[in-house]
Amino acid sequence: MSDQGYTPPKVWTWNQDGTKNRFSNINRPIAGATHDKELSVGKHPFQLYSLATPNGVKVTVMLEELLELGHKGAEYDAWLVNIGEGNQFGSGFVAVNPNSKIPALMDHSTTPPTRIFESGAILLYLSEKFGGAFMPKDLSKRAEVYSWLMWQMGSAPYLGGGFGHFYAYAPFKIEYAIDRFAMEVKRQLDVLDRQLAENEYIAGDEYTVADMAIWPWYGALAKGVLYEAAEFLSVHEYRNVNRWADQLAERPAVKRGRMVNRVWGEPATQLPERHDASDFDRIAKKADG
């Protein structure tokens, strides 16, 4: 099959036996649960159901940063949702997030418990819940954070579902699609690089939820972690993005947050489920032998 000669039909139909890719078994054109499966509930106020994709890492970093600040009410259980196996289509998960995407959060400190889905919404909820944590008090500065947070949510689909899919996951290479999305991703990196040339953090001189939202996607991209595309995209050219990515990677809460719900990579970087702060010590001891 090539990228030329395809004429779309008048009405699209789902061909379940069509071209396969690594996500074929979970992609479908309808919503709702595929099976009955209740969610586990642990002992902490917050119950997170997630996986350590960039969107999942946003929330675990936020929760670990809140705990680092001393907010004991931010304690959480993080349950693994393996999206490759279709866990996100269980009835319990769909009740928390009808869109069947990770991450999803339940706040059991409210009556009744509050559900929050979409990573950006979770970051804003947690910030407000804990007195405006990682959010400037000044309205104008707060507006800058909002803008960059929404920038991330609007831009990342071009990076992940666009460039990432066609460059790394599509069953065959389509030059037009890869060129189209590579150009857009490099433009996005340039947007960030120019912003970070004038600011220590994304939205100014304060570390905020905007950094937590953008770093798992674009920080990982700049360091060559996403899609094995560092050379292809010449990510070394974006020096300010790399400086910022390295700076955030050294934060203790970021180091912990990126481990949670992670089931790939070096064993010392994986904490499939997190139910207590001591879980990190257990992984460290295991890594030391």
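At least one side-chain heavy atom of Val145 sits under 4.5 Å from a side-chain heavy atom of Pro136.
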Chi angles and distances behind the side-chain contact (heavy atoms from CB on, under 4.5 Å) call for Leu105, Gln47: CA-CA 6 Å; Leu105 183 70; Gln47 298 295 303; 5.8 Å; no

Can you check salt bridge (Lys or Arg N to Asp or Glu O under 4.0 Å) on Glu68 and Arg256, steps first, answer last? CA-CA 11 Å; Glu68 189 84 6; Arg256 295 194 301 271; 2.8 Å; yes

Before you tell me yes or no, could you show the steps for Ile283 and Gln270 under side-chain contact (heavy atoms from CB on, under 4.5 Å), namely the whole-Å CA-CA distance, both residues' side-chain angles and the distance that decides it to 0.1 Å? CA-CA 8 Å; Ile283 294 299; Gln270 299 181 33; over 6 Å; no

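Here Glu64 pairs with Arg274 in a salt bridge; the nearest charged N to carboxylate O distance falls below 4.0 Å. A salt bridge does not link Lys101 with Glu118: none of the charged nitrogens is closer than 4.0 Å to a carboxylate oxygen. Under 4.0 Å is where a charged nitrogen must lie from a carboxylate oxygen, and between Arg187 and Asp190 no such pair does.
A side-chain donor from one of Trp148 and Glu144 sits under 3.5 Å from a side-chain acceptor of the other. Residues Arg258 and Thr60 have side chains that never bring a donor and an acceptor to within less than 3.5 angstrom of each other. There is a side-chain donor-acceptor pair under 3.5 Å between Asn55 and Trp217. Between Glu184 and Gln188, the side chains place a donor N or O and an acceptor N or O closer than 3.5 Å (distance only, hydrogens not considered).
In this structure Tyr218 satisfies the ring-ring contact (aromatic ring centres under 6.0 Å, His included) test together with Trp151, sequence neighbours excluded. Checked against side chain to side chain contact (heavy atoms under 4.5 Å, CB included), Thr13 has no partners two or more places apart in sequence or in another chain. Partners of Phe134 by ring-ring contact (aromatic ring centres under 6.0 Å, His included), not counting sequence neighbours, listed by chain and number: Tyr207. Partners of His108 by ring-ring contact (aromatic ring centres under 6.0 Å, His included), not counting sequence neighbours: none found.
Cation-pi geometry between Lys173 and Tyr167 is met: the NZ or CZ atom falls under 6.0 Å from the ring centre, inside 45° of the normal.
In this structure, Asn87 contributes its side chain and Val81 its backbone to no donor-acceptor pair below 3.5 Å. Using modelled atom types, one side-chain atom of Trp215 and one backbone atom of Ala245 make a donor-acceptor pair closer than 3.5 Å. With hydrogens and angles disregarded, a donor-acceptor distance shorter than 3.5 Å links the side chain of Asn199 to the backbone of Gln195.
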Atom pairs and distances, donor-acceptor, side-chain atoms in residues 37-44, under 3.5 Å, two or more places apart:
{"residue": "His44", "atom": "NE2", "partner": "His275", "partner atom": "O", "Å": "2.8"}

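Between Tyr158 and Phe163, the distance separating the two ring centers is not shorter than 6.0 angstrom.
For the atom pair CZ (Phe93) and CZ (Phe117), the distance works out to 10.0 Å, reported to the nearest 0.5 Å.
Residue pairs satisfying the side-chain hydrogen bond (donor to acceptor under 3.5 Å, both in side chains) criterion with at least one member in residues 224-239, sequence neighbours excluded, are listed as follows: Lys186-Tyr238.
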